[in-house]
Amino acid sequence: MNKQYYKSHLKLDFIASTGQQALNRSKVLVIGAGGLGCPCLTALAASGIGNIGIADGDVINTSNISRQTLFNYTDSGKSKTTTAIQALRSRNPYLLYHEHLFFVDDENILQLIEPYDVIVDATDNFATRYLINDACVIKNKSLVYGAIFQTEGHLTVFNYQNSATLRCLFPEPDQEADIPSCSDNGAYMIATNIIGTMMANEVIKTILKQDDVLSGKLLSFEALSNRTMLTSYYTNELSKNKSQSRFKTAQKVIELTAEAFMEKAQTMDIELIDVRTAAERAIQHIGGKHIPLPELSLLNLTRFPFTQHFYLYCQTGARSLQAAKWLRAKGYKNAFSLKNGITNFNYQFQNS
């Protein structure tokens, strides 16, 4: 432990040397390196969380930079996780940073969270929130949760010492489904920074086992009026049982063979998307819209219902699989990737 770096913490009674060592030994995973994730990560690194994992498969857009404070204007188009780790390492080089350059889904979430002590949900869509919550119930992990709606923020801690969970607060996903993401409805960067930093505060309190962890209490904060409100909620065993059953019934199919891809695409109202480069598409394509993978996040998803079918392809299937996982993380469970890509694909779609 670098005592000079943590000199201020060592003077605090609730941290001191013993607490700082506990922070240095801890392992925290932040899922989502956006408006909430960036300030949370900054505070966690400054506080000396020894192992910090970041999971996000997205790239930086210019519209992100004003509220995603780990990124600069020249970072547009770069990986969020890679860029965030570079920025954090320059602030605190004494920590271990773990990059998970992918979107979480039913297949990878349980293995992903396994080595971490505390999980932070800094995502911006309800489908992923329930996925993370359910995985934390299965693996008995404390979950620090934050959400933003324009100038208002919400904060709580789920599953702390077997406490209430997201499904206890909102039993069904459709109760959150009407809350748009920051990219859809805008977010006041002051609110995202405050809530993101407060999320880091709850992580630290959880690791140090403080008495006032926001467990069973939802804190609401309105930035313009500075109003705060605490709302209590309680454990619902029936709701927690739904988390337990999720991974027994989760749909696993995300890659389709050429035959299945063609058959379904011809009989359904689909959105066919080529996620390769312009140079690759000029050589060969099977129709559909052309949206290179780095630009997929610019797709206006608000015009699509969550029942929309997306069929994605690339040269070998790797990039389209990543794109399908990103869409599923956004709530579109009917997103599919062409397995092995179009290299040996003999069918031809109508050009659109």
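One-based numbering along the sequence shown.
- Inter-residue side-chain proximity for Gln20 and Asn24 is flagged as met; some heavy-atom pair is nearer than 4.5 Å.
- For the residue pair Thr128 and Thr123, no side-chain donor N or O sits within less than 3.5 Å of a side-chain acceptor on the partner.
- Proximity of Phe158 to Val137: side-chain heavy atoms (C-beta onward) are nowhere separated by under 4.5 Å.
- Counting only N and O atoms by type, the side chains of Glu152 and Ser220 include no donor and acceptor under 3.5 Å apart.
- Proximity of Glu271 to His309: side-chain heavy atoms (C-beta onward) are nowhere separated by under 4.5 Å.
- Remark: side-chain polar atoms of Asn193 are paired, donor with acceptor, to backbone N or O of Met189 under 3.5 angstrom.
- Ring geometry, Phe126 versus Tyr130: the interplanar angle exceeds 60°, so the pair is classed perpendicular (tilted spans 30 to 60°).
- Connection of Leu23 to Leu96 is not established within any shared hydrophobic cluster, with ILVMFWY side chains joined at heavy-atom distances below 4.5 Å, either directly or through further cluster members.
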For Ile119 and Val144: C-alpha separation, side-chain torsions, deciding distance, then whether side-chain contact (heavy atoms from CB on, under 4.5 Å) applies. CA-CA 6 Å; Ile119 312 302; Val144 176; over 6 Å; no

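- With rounding to the nearest 0.5 Å, the separation of CD1 in Ile194 from OH in Tyr188 is 8.0 Å.
- Looking at Gln322 and Leu293, their side chains come closer than 4.5 Å, going by heavy atoms from C-beta outward.
- The two residues Ala22 and Leu208 make their nearest non-hydrogen contact at CB-CD2, 4.3 Å.
- With a 4.5 Å cut-off on side-chain heavy atoms, Ile207 and Val28 count as touching.
- Atom CD1 of Ile113 sits about 8.0 Å away from atom CG of Leu29, to the nearest 0.5 Å.
- A donor-acceptor pair is defined here as one N or O able to donate and one able to accept, closer than 3.5 Å; no such pair exists between the side chain of Gln68 and the backbone of Ile65.
- Applying the salt bridge (charged side-chain N to carboxylate O under 4.0 Å, His left out) test to Lys209 and every residue at least two apart in sequence or in another chain returns nothing.
- Side-chain atoms of Asn2 and Tyr94 form a donor-acceptor pair, as typed in the model, at a separation below 3.5 Å.
- For the pair Thr82 (side chain) and Ser79 (backbone), a donor-acceptor distance under 3.5 Å is absent.
- Between the Lys205 side chain and the Asp212 main chain, a donor and an acceptor come within less than 3.5 Å of each other.
- In this structure the side chain of Ser76 reaches within 4.5 angstrom of the side chain of Thr62, judged on heavy atoms.
- Contact between Gly35 and Pro39 at its shortest, heavy atoms only, is O-CD, 3.0 Å.
- Residues satisfying the side chain to side chain donor-acceptor pair (under 3.5 Å) test with Asn51, not counting sequence neighbours, are His98.
- The two residues Ser163 and Thr235 make their nearest non-hydrogen contact at C-OG1, 3.8 Å.
- Under a 3.5 Å cut-off, the side chain of Asp56 and the backbone N or O of Lys80 do not form any donor-acceptor pair.
- Using modelled atom types, no side-chain atom of Ser337 and backbone atom of Glu255 make a donor-acceptor pair closer than 3.5 Å.
- What you find for Ala55 and Leu112 is that their closest heavy atoms are CB-CD2, 4.0 Å.
- The side-chain contact (heavy atoms from CB on, under 4.5 Å) test applied to Gln21 returns Met1, Ser17, Arg25, not counting sequence neighbours.
- Going from atom CD1 of Ile54 over to atom CG of Leu88 covers 5.5 Å, rounded to the nearest 0.5 Å.
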Q | Stepwise side-chain contact (heavy atoms from CB on, under 4.5 Å) test for Val118 and Lys141 | A | CA-CA 6 Å; Val118 180; Lys141 304 286 184 180; over 6 Å; no

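- There is no side-chain donor-acceptor pair under 3.5 Å between Tyr97 and Asn92.
- Asp274 and Arg281 are joined by a salt bridge, as a carboxylate oxygen and a charged side-chain nitrogen come within less than 4.0 angstrom of each other.
- For the pair Cys38 and Ala33, the tightest heavy-atom approach, listed with the atom from each and the gap, is SG-O, 3.7 Å.
- Residues Leu155 and Tyr145 fail the side-chain proximity criterion, which asks for heavy atoms closer than 4.5 Å.
- Residues meeting the side-chain contact (heavy atoms from CB on, under 4.5 Å) test with Leu327, sequence neighbours left out: Leu301, Phe310, Leu312, Tyr332, Ala335.
- Ser142 and Thr206 are not linked by any side-chain donor-acceptor pair at a separation below 3.5 angstrom, with hydrogens and angles left out of the test.
- Put simply, CG on Leu214 and CD on Glu202 are 4.0 Å apart, with the number rounded to the nearest 0.5 Å.
- The aromatic ring centres of Phe261 and Phe336 sit 6.0 Å or more apart.
- Judged as a salt bridge (charged side-chain N to carboxylate O under 4.0 Å, His left out), and not counting sequence neighbours, Glu222 has no contacts.
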**Message:** If you apply the rule side-chain contact (heavy atoms from CB on, under 4.5 Å), what do you find for Leu44 with Cys40, and how did you get there?
**Reply:** CA-CA 6 Å; Leu44 292 177; Cys40 182; 3.9 Å; yes

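- Distance check, rounded to the nearest 0.5 Å: CG of Asn125 to CZ of Arg328 gives 14.0 Å.
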Apply side-chain contact (heavy atoms from CB on, under 4.5 Å) to residues Leu131 and Asp106 and explain how you reach the verdict. CA-CA 7 Å; Leu131 169 65; Asp106 288 320; 3.0 Å; yes

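- Paired with Ile60 under the rule side-chain contact (heavy atoms from CB on, under 4.5 Å), one option of Thr83, Asn72, Leu70 passes, and it is Thr83.
- Using modelled atom types, one side-chain atom of Asp105 and one backbone atom of Asn108 make a donor-acceptor pair closer than 3.5 Å.
- In this structure, a donor-acceptor pair under 3.5 Å is absent between the side chains of Asn61 and Ser63.
- For the side-chain contact (heavy atoms from CB on, under 4.5 Å) test with Leu143, the passing option among Ile31, Val157, Asp121 is Asp121; the others fail.
- Looking at Lys330 and Asp124, a side-chain N of the basic residue comes within less than 4.0 Å of a carboxylate O on the acidic one, giving a salt bridge.
- Counting heavy atoms from C-beta on, the side chains of Ile291 and Leu299 come closer than 4.5 Å.
- Tested against Ser26, the residues Ile49, Val203, Ile52 include a single side-chain contact (heavy atoms from CB on, under 4.5 Å) partner, Ile49.
- Salt bridge Asp134/Arg167: present, at least one basic N to carboxylate O contact under 4.0 Å.
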Let me see the working for Ser320 and Tyr311 under side chain to side chain donor-acceptor pair (under 3.5 Å), right down to the final yes or no.
CA-CA 9 Å; Ser320 57; Tyr311 286 71; over 6 Å; no

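- Every pair tested for side-chain hydrogen bond (donor to acceptor under 3.5 Å, both in side chains) that includes a residue from residues 27-49 fails, sequence neighbours excluded, so the list is empty.
- With 3.5 Å as the limit, one finds a donor-acceptor pair spanning the side chains of Glu99 and Thr81.
- Looking at every heavy atom in both residues, Ala191 comes nearest to Ile148 through O-CD1, 3.7 Å.
- Side chain of His100 to main chain of Phe102: no donor-acceptor pair is present (N/O by atom type, distance under 3.5 Å, no hydrogens or angles).
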